[in-house]
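Note that this is a predicted model, so its numbers are computed, not measured.
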Amino acid sequence: SPAYSESADADRVMADGTVDNTALTETVLARPAYVMAAGEFKASDLIGDNIVGADGETIATLADVLIGKDMSPSQIVFRDGGILGVAGELGTLPFSAVSVKLDADGEPTISAALVDESLEGVAEFEQAGLDDYRLASELIGTNAELAITDTYTRITDLIISSDGSVKHAVVTDGMSGVASADRLVIAFDAITVVQGDSNGEVMVNMTPEQLETAPVLNDARAIFLQRSCRYSVRSRIRPDALHSPECPRLSVSLMASSMN
């Protein structure tokens, strides 16, 4: 629950000599910050990226991440062939078969000591069923019920280590019931998939009180991109920044002020 502290003028004396102590200011307890370590990446930053082979040529697209069972390393689901990552055949490789590094702009680059012909003998990937939540893309964007009935949070991303293990998930503050700018980091093993007759159901084994103490993701790259986009629009250096997929949507007031 929020902590409350009296404001500076909370004890002012009223005209009749009584003390006014009703002016209480709500102070929300500060959450700790979670800063991704070297070798940690968000699944959303990897999905859709090209995989560069040993000859420097693009050999496939990283289409998804197949989450390992019981905290075991994940596999990558790649798409070989097709046009712009569309169509083509799906296959899987151990996460250890690729190397993920950040370039000078902080963007992840994916490489593999393979050539295009190396992928021809890889078994095709076939999804067992829709919404079985084995894939990172299925979990991202899913509403998950907390340990208390009818209380929900939303999974917005997964944090993957360089060895392919998924140890953390990024979720929204589901207690307020409205979208929040804060993204909270929880242990991935707190997420449970309950399989039904057809589609599964996702649950987070945490109470709202436990979620209150979760650290906030300190995503320096996202903050940098947001500030860069705002600067570009205000300075009119890059009027196309508003439509860039790397730019968050800016408010109407910001756009309007940039035109004045």
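Distance alone, capped at 3.5 Å, is enough to place a donor-acceptor pair between the Asp64 side chain and the Ser137 backbone. At least one donor-acceptor pair closer than 3.5 Å links the side chain of Thr109 to the backbone N or O of Lys101. A distance-only check finds a donor-acceptor pair linking the side chain of Glu138 to the backbone of Arg134 [under 3.5 Å]. A donor-acceptor contact shorter than 3.5 Å links the side chain of Asp157 to the backbone of Ser44. Judged by distance alone, the side chain of Asp103 and the main-chain N or O of Asp105 form a donor-acceptor pair under 3.5 Å.
For the pair Thr172 and Leu211, the tightest heavy-atom approach, listed with the atom from each and the gap, is O-CD2, 4.0 Å. The two atoms that bring Asn205 and Gln210 nearest to each other are O-OE1, 4.1 Å, heavy atoms only. Across Leu46 and Ile110, no two heavy atoms sit closer than the pair O-CD1, 4.0 Å. Closest approach of Val185 to Ala214, counting heavy atoms only: O-CB, 3.7 Å. Closest heavy-atom contact between Ala136 and Ala43: CB-CB, 4.2 Å. Ala190 approaches Met206 most closely through the heavy-atom pair CB-CG, 4.2 Å.
The hydrophobic clustering, which links ILVMFWY residues whose side-chain heavy atoms are closer than 4.5 Å, places Ile47 and Leu102 together. There is no path of hydrophobic side-chain contacts, each under 4.5 Å, that joins Val52 to Val77. Both Val65 and Leu93 are members of a single hydrophobic cluster when ILVMFWY side chains are connected at heavy-atom separations under 4.5 Å.
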Full working for side-chain contact (heavy atoms from CB on, under 4.5 Å) between Val122 and Phe78 | CA-CA 10 Å; Val122 177; Phe78 67 86; 3.9 Å; yes
Pair Leu139-Ile67, side-chain contact (heavy atoms from CB on, under 4.5 Å): steps then yes or no | CA-CA 10 Å; Leu139 279 175; Ile67 301 169; 3.6 Å; yes
Carefully, step by step, assess Val170 and Ile155 under the rule side-chain contact (heavy atoms from CB on, under 4.5 Å).
-> CA-CA 6 Å; Val170 183; Ile155 301 171; over 6 Å; no
For side-chain contact (heavy atoms from CB on, under 4.5 Å), just list the numbers for Ile59 and Asp80, CA-CA rounded to whole Å, side-chain angles, deciding distance to a tenth of an Å, and then say yes or no.
-> CA-CA 7 Å; Ile59 59 174; Asp80 182 20; over 6 Å; no
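By the 4.5 Å heavy-atom criterion applied to side chains, Thr153 and Leu184 are not counted as neighbours. Residues Ile51 and Thr61 fail the side-chain proximity criterion, which asks for heavy atoms closer than 4.5 Å.
Atom CD of residue Glu145 and atom OH of residue Tyr152 lie 4.0 Å apart, to the nearest 0.5 angstrom. Distance check, rounded to the nearest 0.5 Å: CD1 of Ile76 to CG of Leu66 gives 11.0 Å. Of the inter-residue distances, the one linking Leu135 atom CG with Leu158 atom CG reads 11.0 Å to the nearest 0.5 angstrom. Atom CD of Glu89 sits about 14.0 Å away from atom CZ of Phe125, to the nearest 0.5 Å. Note: Leu62 CG to Asp49 CG = 7.5 Å, rounded to the nearest 0.5 Å. Note that CG of Leu217 is 6.0 Å distant from CE of Met36, once rounded to the nearest 0.5 Å.
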Please output the side-chain donor-acceptor pairs of residues 159-166 that fall under 3.5 Å, not counting sequence neighbours, one pair per line with the distance.
residue : atom : partner : partner atom : Å
Asp163  : OD1  : Ser165  : N            : 3.0
Asp163  : OD1  : Ser165  : OG           : 2.7

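For the residue pair Tyr133 and Glu201, no side-chain donor N or O sits within less than 3.5 Å of a side-chain acceptor on the partner.
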